[in-house]
Amino acid sequence: MPIRQLPPQLVNQIAAGEVVERPASVVKELLENALDAGATRLVIDVEEGGARLIRITDNGGGIPADELPLAVSRHATSKIASLDDLERVGSLGFRGEALPSIGSVARLAITSRPAGADAARIQGDGQGRYEGPMPAAHPPGTTVEVRDLFFNTPARRKFLRTPKTEFSHLQQVVERIALSRPYLDIRLSHDGRSVLALPAAQDEAGEDRRVAGICGAAFIDNAVRISHEASGMRLYGWVALPTFSRSQPDLQFFYVNGRMVRDKVIAHAVRQAFQDVMFHGRHPAFVLFLEMDPAGVDVNAHPTKHEVRFRNSRHVHDFLFRTLHHVLARTRPGALTTEEEPATEAVTAEESAPRASLVNRMGPASGALQAWKTTGDLLAAQAELYGRQAATEVQEAPASYAPPLGYALAQLHGIYILAATEDGMVVVDMHAAHERITYERFKQELAAGRVPVQPLLVPERISVSRREADLVETHGEVLRAAGFELERGGVESVVLRAVPVTLQDHDIVRLARDVIADLAEHGETDRLERAVDVALGNSACRASLRAHRRMTIPEMNALLRDMERTPRSDQCNHGRPTWFRLSMEQLDRMFLRGR
């Protein structure tokens, strides 16, 4: 076929295939334009899931009458003017293709009025022809109407789902926009029925109501508000406690400079921060906002702008991981405030190790590490230390001291500890709580010194590709620092000579292949760290107090005090809650007191 110039209408329809997938895509583009115009109020009317009508009215800056024809032409925008602007995009939209693309697959009409000027209207027939601008009546702002989506492209229209399904996708887009802009007043109706009515938030309580209205009241009840700024970046929002995990990643909202994004760097940082406080296969819930220099993020990586690229992804990853890791470390009784300490600093020894902790009094790190295999002796030593040290701690506490978990009253069926607090009572799962305490101590012991290494009696020779062998040679020092002695043994082979002591019972050949695969894919690996964490978790579980072991009151109090000083003690290593509280108000309500 000869080379020829494509007709403008076909060019626009090809562009529409990139940005207009369904009615929800149209709504996303139009809402982003409204936000860039400074709108604080949005009214969205939809019919038949958006296939028949999408009407969006805003109170933004409006479009002058002489610029309306430009607004529906390709590659025309008011948001960038040079390459420098493109490298520092601060607006949500900037390509200048959304309106002409929509107008090529639907009947598009725009009515707009800037402040202090007359209103005008332009209307298209879906074939690339527009009438206007013509005078119209309209308050300050803009109304965009999109009718009969895909009426002229039947092949695209038949891929639309039922109106209910399409509206569900559309509503999700509106809710994501509403989360990103709590100051917006948003109204959404479908077929004449009001579906969403979200007033603008005026304070933090209003922001909480906005989040609760979209993510559910249970989310906001189980979430902590965070805010931290460092290295030219700021992370703020809400993170649900690990005990509020989900079977699906359906409550994960992440925004970069106000733009909802999906990114592998972000997903990995969040997953790594939650890895030792959550069941396998469960997903955290969060609504988080990252603010950073626009020059540090490329938002022009995908036509729909869902994906971004960070210019320094390692720096962003470390900032996110350290901040969230610190937040989760603060989830212990009496320490749910997450804003007062810098998240970029490592957790201090005083915070990580319980003061006068039973494990802290067991001698040097090497002794504790060697004791992992002799759990019977470790458990006996722990029990003795609980009884010997607890009475003195409790007796020396000042009369005005009211610890968050109170003081033990009794043990229930050898499993739970009942304690009275200043304003009610708490119930503690003694095994789960002790498991977390022991696990955190094991991690501190491991971090305090060199990783114990177990040389292999017979080194393992592993066949790999030439590229993988080169990677092992390049990253040899990093692997040795983690206790994994892996060196090149030939052009296409490597030799495994030693592994960390905690991993000697693992399938070490398979683990070595996985580590090399990580290096090939990402240039780094955290697989060894995760494997060590699993081994430590299993050791902590075996070394912890067992159910039906009778405890004295001083022993129970010592366990409560250790919980108050141990990071992440609100949940065990597997994500189960370790305690819950009943206030006097709740107890009175249960027994109908005061009625």
Indicate the atoms forming the closest heavy-atom contact of Asp185 with Arg187, along with that distance. OD1-NE, 2.8 Å
Are Arg161 and Phe167 in a cation-pi setup, meaning NZ or CZ lies under 6.0 angstrom from the ring centre and within 45 degrees of the ring axis? no
Minimum heavy-atom distance Ala34-Leu42, with the two atoms named: CB-CD2, 3.6 Å
Quick one: ring-ring contact (aromatic ring centres under 6.0 Å, His included) partners of Tyr255, sequence neighbours excluded? Phe289
Please step through salt bridge (Lys or Arg N to Asp or Glu O under 4.0 Å) for the pair Arg210 and Asp208, ending with a clear verdict. CA-CA 5 Å; Arg210 169 68 60 92; Asp208 288 346; over 6 Å; no
Is there a side-chain contact between Val261 and Phe253 (heavy atoms, below 4.5 Å)? no
Sole candidate of Arg581, Glu585, Gln586 that passes side-chain contact (heavy atoms from CB on, under 4.5 Å) when paired with Asp423: Arg581
Please tell me whether Asp570 and Trp579 have a donor and an acceptor in their side chains that are separated by less than 3.5 angstrom. yes
Will you find, in the side chains of His317 and Arg322, an N or O donor that is under 3.5 Å from an N or O acceptor? no
Looking only at heavy atoms, which two atoms of Glu435 and Cys572 are closest? And how far apart? OE1-CB, 4.0 Å
Distance-only, no hydrogens or angles: does the Thr438 side chain make a donor-acceptor pair with backbone N or O of His434 under 3.5 Å? yes
Between Arg550 and Gly414 the two heavy atoms that sit nearest each other are NH1-N, 3.6 Å
Decide yes or no on side chain to side chain contact (heavy atoms under 4.5 Å, CB included) for Phe319 and Leu290, but give the supporting numbers first. CA-CA 10 Å; Phe319 173 74; Leu290 175 65; 3.9 Å; yes
Return the set of residues passing side chain to side chain donor-acceptor pair (under 3.5 Å) with Arg41 (not counting sequence neighbours), or none when no residue passes. none
Of all heavy-atom pairs between Arg246 and Ala285, which one has the smallest distance, and what is that distance? CG-CB, 4.3 Å
For Arg176, give me all partners under side chain to side chain donor-acceptor pair (under 3.5 Å), at least two apart in sequence or on another chain. none
When you measure from the centre of the six-membered ring of Phe591, is the NZ or CZ of Arg589 under 6.0 Å away and within 45° of the axis? no
Answer yes or no: are there more than 12 heavy-atom neighbours, outside Arg311 itself, under 6.0 Å from its atom CZ? yes
Out of Val211, Leu184, Leu198, which residue meets the side-chain contact (heavy atoms from CB on, under 4.5 Å) rule with Leu179? Val211
